[in-house]
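One structure is given here, and the rest of the page talks about it.
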Amino acid sequence: MQEAQRVPRLRQVVLDGTDVRLLAEFYRRLLGLRYRPGDEPPPASEPDPEGEDWLVLRDPAGGVQVAFQQVASLPEATWPEGPVPQQLHLDMTVATTAELDLQHERALALGARLLEDLADDPEEPIRVYADPAGHPFCIFVSA
């Protein structure tokens, strides 16, 4: 086996949250992901024990998963600076500025909060958001 092949494979990114079902639903809808079997939300009148601990979303195309871990408290990042620095953020790309505008409207409708709008940047149109738990993420145009 060649040395280059002997590396770990990134399986998933895990985000902490105080309401992992809410956070998982946000990213499921934003990114078109699917719940791992057994992690789907129960009917509205039933308890949600999975949603109080750990949930996993999978990419139907087989890409990296996104998981969510319940925590008792989580200080929101004060991006871009301040007393609570971001420790991780997610980058998402689209092909055109028209798609950036479309995804901007979707992200806001799903509960994202716009932190910075550089959509007019001629070199790299980008918008920075906070998800419902306050995690920063970016959507930008990448050719």
Side-chain angles (χ1 to χ4, degrees), residues 1 4-121 123-143:
M1 179 177 262
Q5 295 175 337
R6 295 176 54 184
V7 298
R9 183 176 67 96
L10 180 62
R11 178 164 179 96
Q12 61 196 12
V13 173
V14 181
L15 298 175
D16 290 348
T18 58
D19 184 341
V20 294
R21 180 63 70 192
L22 175 73
L23 200 53
E25 276 297 297
F26 172 81
Y27 282 105
R28 181 188 67 80
R29 294 175 64 202
L30 182 69
L31 300 174
L33 303 175
R34 296 186 183 142
Y35 281 105
R36 171 181 66 178
D39 284 354
E40 300 88 355
S45 61
E46 294 184 22
D48 186 10
E50 295 299 323
E52 296 173 3
D53 183 35
W54 179 267
L55 298 170
V56 176
L57 295 176
R58 291 183 170 162
D59 179 347
V64 174
Q65 301 179 151
V66 182
F68 307 90
Q69 179 173 283
Q70 185 76 23
V71 295
S73 66
L74 183 70
E76 186 174 323
T78 51
W79 188 93
E81 49 191 57
V84 182
Q86 76 173 0
Q87 296 183 18
L88 168 109
H89 74 273
L90 302 176
D91 279 347
M92 301 162 203
T93 62
V94 294
T96 66
T97 55
E99 182 69 13
L100 179 64
D101 291 340
L102 176 72
Q103 296 307 322
H104 170 70
E105 295 303 322
R106 284 189 67 245
L108 295 177
L110 292 170
R113 184 170 34 91
L114 183 65
L115 298 177
E116 185 167 15
D117 189 341
L118 299 172
D120 293 332
D121 184 317
E123 292 183 28
E124 185 179 65
I126 185 171
R127 289 190 174 110
V128 182
Y129 303 88
D131 69 19
H135 301 108
F137 70 94
C138 302
I139 303 177
F140 61 95
V141 177
S142 176

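Keep in mind the model is a prediction, meaning the values are calculated, not measured.
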Checklist entry - Would you say Trp54 and Val14 make side-chain contact, with heavy atoms under 4.5 Å? => result yes

Checklist outcome for this item: Rounded to the nearest 0.5 angstrom, the CE-OH distance for Met92 and Tyr27 is 5.0 Å

Next on the checklist: For the CG atom of Leu31 and the CG atom of Leu90, what is their distance to the nearest 0.5 Å?
Outcome noted: 8.0 Å

Checklist entry - If you measure from CG on Leu110 to CD on Glu105, what distance do you get to the nearest 0.5 Å? => result 11.0 Å

Next on the checklist: Could you tell me if the side chain of Asp121 sits less than 4.5 Å from the side chain of Ile126, heavy atoms only?
Outcome noted: no

Item to check | Leu100 vs His104 side-chain heavy atoms within contact, under 4.5 Å | outcome: no

Checklist entry - Under 3.5 Å, side chain of Gln70 to main-chain N/O of Val20, donor-acceptor pair present? => result yes

Checklist outcome for this item: Partner of Phe137 under side chain to side chain contact (heavy atoms under 4.5 Å, CB included), picked from Leu115, Leu30, Leu15, is Leu30

Item to check | Residue Glu81 excluded, over 12 heavy atoms near CD under 6.0 Å | outcome: no

Checklist entry - Where is the tightest heavy-atom contact between Thr78 and Pro83, given as atom of each residue plus distance? => result OG1-N, 3.3 Å

Item to check | For Pro47 against Pro42, the heavy-atom pair lying closest together | outcome: O-CG, 3.3 Å

Checklist outcome for this item: For Gly51 and Arg21, the nearest pair of non-hydrogen atoms, with its separation, is N-NH2, 3.8 Å

Next on the checklist: Could you report the tightest heavy-atom contact between Leu23 and Pro132, atom names first, then the distance?
Outcome noted: CD1-CD, 4.2 Å

Checklist entry - From Leu57 CG over to Arg29 CZ, what is the distance, rounded to the nearest 0.5 angstrom? => result 13.0 Å

Item to check | Worked verdict on His89 versus Asp91 for side chain to side chain contact (heavy atoms under 4.5 Å, CB included) | outcome: CA-CA 7 Å; His89 74 273; Asp91 279 347; 3.1 Å; yes

Next on the checklist: Has Glu52 got a side-chain atom pairing as donor or acceptor with Glu50's backbone, closer than 3.5 angstrom?
Outcome noted: no

Next on the checklist: Measuring only between side-chain heavy atoms, which start at C-beta, is Pro136 closer than 4.5 Å to Glu116?
Outcome noted: no

Checklist outcome for this item: Output for pair (Arg127 CZ, Asp101 CG), nearest 0.5 Å, gives 5.0 Å

Checklist entry - Would you find more than 12 non-hydrogen atoms of other residues, nucleotides or ligands less than 6.0 Å from Arg34 atom CZ? => result no

Next on the checklist: For a quick test of reading the model, state the closest non-hydrogen atom pair linking Gly17 to Leu74 and the distance between them.
Outcome noted: CA-CD2, 4.2 Å

Checklist entry - Under 4.5 Å between any side-chain heavy atoms of Glu99 and Ile139, yes or no? => result no

Checklist entry - Can you find a pair of side-chain heavy atoms, one from Leu88 and one from His135, that are under 4.5 Å apart? => result no

Item to check | Minimum-distance pair of heavy atoms, taken over all atoms of Tyr35 and Pro41 | outcome: CE1-CD, 3.4 Å

Checklist entry - Got a second to check how far Leu118's CG is from Glu123's CD, nearest 0.5 Å? => result 12.0 Å

Checklist entry - Within 45° of the ring axis of Phe68 and under 6.0 Å from its six-membered ring centre, is that where the NZ or CZ of Arg36 lies? => result no

